[in-house]
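Right, one structure below, let's go through it.
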Amino acid sequence: MENKEKKYNAVITGLGMFKPEKILDNHQLEQMVDTNDEWIVSRTGIKERRIYDQGPTSEMAIKAAEDLIATTNLDPKEIDLIIVPTVTPDMLFPSTAAIVQEAIGAVNAWGFDLNAACSSFLFALQTARSMIEVGQYKKIVIIGADKMSSITDYTDRNTCILFGDLAAAVLLEPTTDKSLGIQDSLLHIDGSGKDSLYMLGGGSLNPPTHETVDKKMHYIYQDGKTVFKFAVKGMADISVEIMEKNGLKSEDIAYLVPHQANKRIMDATAQRMKLEPEKVMLNIHKYGNTTSATIPSCLTEYYRAGKVKKGDKLILSAFGAGFTWGAIYLTWGMD
Ligand code: COA
């Protein structure tokens with residue numbers, strides 16, 4: 001429900017990104033499992049992905065936050081809250097946010113990690129937005145960071161072709177200009193999808209043992225066909241719903257910013273929204289599915305390439321394990 005009494009709109013005022021140097025391309029994967037470049041590109045749109053083999057997720061998150069700080073002249077002491085959407089935290093606790101907080105010197109911040117699988121970034125954006133709109137906080141940093149290689153089985157061709165490592169950050173601040181920033185959001189969770197995409201081991205259900213390791217329970221499992229079916233419908237329906245709810249026509253929208261899980265899912269969503277392919281932000285060919293980093297990395301790359309202008313209307317849209325899914329409609333506020 002929208003709060004008509006809100007004091008401010010929440011607007012993205014800064015961006016940052018870290019991409020690991022190491023590339024794992026489709027031809028290298030051909031040497032590891034029974035697959036081929038043509039199959040991967042035609043079924044997913046992925047050509048290569050990045051692998052971070054230097055350290056944990058927090059290191060990538062810190063580098064993305066440092067990039068944001070350097071490009072916005074943000075004083076880390078002014079940060080009120082750090083949210084790290086991730087499914088690959090360094091440890092179950094302390095949170096990745098705590099490790100980032102210390103490293104960047106955000107001495108006045110509080111923070112937490114947030115896990116809604118591939119919808120984590122959208123859920124974090126909505127969480128932060130609600131705190132900004134009521135005037136509670138002024139500077140919230142959200143860092144979508146995932147080292148998917150740490151939970152990927154590189155002998156399983158069904159999953160290892162899909163995922164990669166990446167981190168990207170946004171700064172969210174209040175504005176009194178209600179024409180800018182986040183305008184609306186629609187988010188959902190439905191646990192009936194829990195058996196289609198999961199990692200069984202490592203939590204309280206299956207604490208780590210030799211057996212959980214032997215049975216490969218610390219890796220992602222996905223029933224690709226089922227997830228694909230629900231993802232196409234979930235992302236397309238929610239994206240059209242948020243357009244209709246806000247009286248938006250396809251010509252009003254500058255970009256769809258979809259979670260990058262599979263190019264065919266993005267194409268189907270764009271088609272339902274009647275958007276031309278140029279209006280779909282895309283970086284899956286370079287990075288694969290990087291879970292929490294897909295949407296903020298698209299925003300960072302397209303903005304830095306001069307392709308997004310102040311006033312542009314964007315629809316951010318995602319689908320992930322749970323199932324979780326949703327869409328956020330915002331007006332771009334950076335010059
Ligand atoms: N290389 C070559 N062949 C492969 C392969 C690979 N990497 N992976 C699977 N195959 C084979 C399968 O074994 C199957 O062979 P069979 O017909 O002999 O049984 C065939 O290719 C088709 O497999 P299928 O699973 O039907 O392919 P698909 O078109 O559904 O594509 C995914 C598979 C994973 C790309 C797709 O299902 C997908 O993207 N799912 C959703 C992912 C997603 O959105 N996740 C969301 C949350 S993050």
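Both ligands and their constituent atoms are indexed starting at 1 by order of listing. Scope of the values below: all heavy atoms of this structure, side chains included, with no hydrogens, waters or symmetry mates.
Within ligand 1, counting atoms from 1 as listed, the ones closer than 4.0 Å to a heavy atom of Phe319 are 47 (C). Remark: ligand 1 atoms within the under-4.0 Å shell around heavy atoms of Ile161 are 7 (N). For ligand 1, the atoms closer than 4.0 angstrom to any heavy atom of Asn158 are 8 (N), 9 (C).
Under 4.0 Å from ligand 1, the heavy atoms of Leu197 that appear belong solely to its side chain. Only the side chain of Thr44 comes within 4.0 Å of ligand 1, judged by heavy-atom distances. No part of Val33 comes within 4.0 Å of ligand 1, judged by heavy-atom distances. Of the heavy atoms in Phe228, both backbone and side-chain atoms come closer than 4.0 Å to ligand 1. Only the side chain of Asn289 comes within 4.0 Å of ligand 1, judged by heavy-atom distances.
Stacking of Lys279 on the aromatic ring of Tyr255 is not recorded, the 6.0 Å distance cut-off and the 45° axial limit not both being met.
Asn26 pairs with exactly one of Arg49, Glu38, Glu48, Lys47 by the side-chain hydrogen bond (donor to acceptor under 3.5 Å, both in side chains) rule, that one being Arg49.
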- Would you please test Lys216 and Thr155 for side-chain hydrogen bond (donor to acceptor under 3.5 Å, both in side chains) and show each step? CA-CA 11 Å; Lys216 300 190 167 200; Thr155 65; 2.9 Å; yes
- Begin from the C-alpha positions of Gln260 and Leu282 and carry the test side-chain contact (heavy atoms from CB on, under 4.5 Å) through to its verdict. CA-CA 7 Å; Gln260 312 275 305; Leu282 196 72; 4.0 Å; yes
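At a threshold of 4.0 Å, the pair Glu241-Lys245 does not count as salt-bridged, since none of the basic side-chain nitrogens sits closer than that to a carboxylate oxygen. Salt bridge present: Glu301 and Lys286 bring a charged side-chain N and a carboxylate O closer than 4.0 Å. Comment: Lys138 does not engage Asp80 in a salt bridge, judged by the lack of any side-chain N to carboxylate O separation of less than 4.0 angstrom. Salt bridge status for Arg304 with Asp67: present, with a side-chain N to carboxylate O gap under 4.0 Å. A salt bridge is defined here as a Lys NZ or Arg NE, NH1 or NH2 lying under 4.0 Å from an Asp or Glu carboxylate O, and Asp237 with Arg272 meets this definition. Taking a cutoff of 4.0 Å between a charged side-chain nitrogen and a carboxylate oxygen, Lys63 and Glu59 do not qualify as a salt bridge.
Among protein heavy atoms, atom 29 (O) of ligand 1 sits closest to Arg43 NH1, 2.7 Å. Looking only at heavy atoms of the protein, atom 46 (C) of ligand 1 is closest to Val227 CG1, 3.5 Å. Scanning the protein for heavy atoms near atom 1 (N) of ligand 1, the closest one is Thr35 OG1, 2.6 Å. The protein atom (non-hydrogen) at minimum distance from atom 8 (N) of ligand 1 is Trp39 CH2, 3.4 Å. Looking from atom 31 (O) of ligand 1 to the surrounding protein, the closest heavy atom is Arg264 NH2, 3.5 Å.
When the heavy atoms of Ile46, Ile265, Asn36, Asn262 are ranked by distance to atom 44 (O) of ligand 1, first place goes to Ile265. Looking at Arg157, Lys225, Gln222, His259 and measuring to atom 24 (P) of ligand 1, the nearest heavy atom belongs to Lys225.
Counting protein heavy atoms under 4.0 angstrom from atom 40 (N) of ligand 1 gives one or more. Of the protein's heavy atoms, at least one falls inside 4.0 Å of atom 48 (S) of ligand 1. Counting protein heavy atoms under 4.0 angstrom from atom 19 (O) of ligand 1 gives zero. Within a 4.0 Å radius of atom 4 (C) of ligand 1, the protein contributes one or more non-hydrogen atoms.
The two residues Val227 and Phe319 make their nearest non-hydrogen contact at O-CE2, 4.4 Å.
The shortest N or O to N or O distance between Gly224 and ligand 1 is under 3.5 Å.
Judged purely by atom type and a 3.5 angstrom limit, Asn9 has no side-chain atom pairing as donor or acceptor with the backbone of Thr175.
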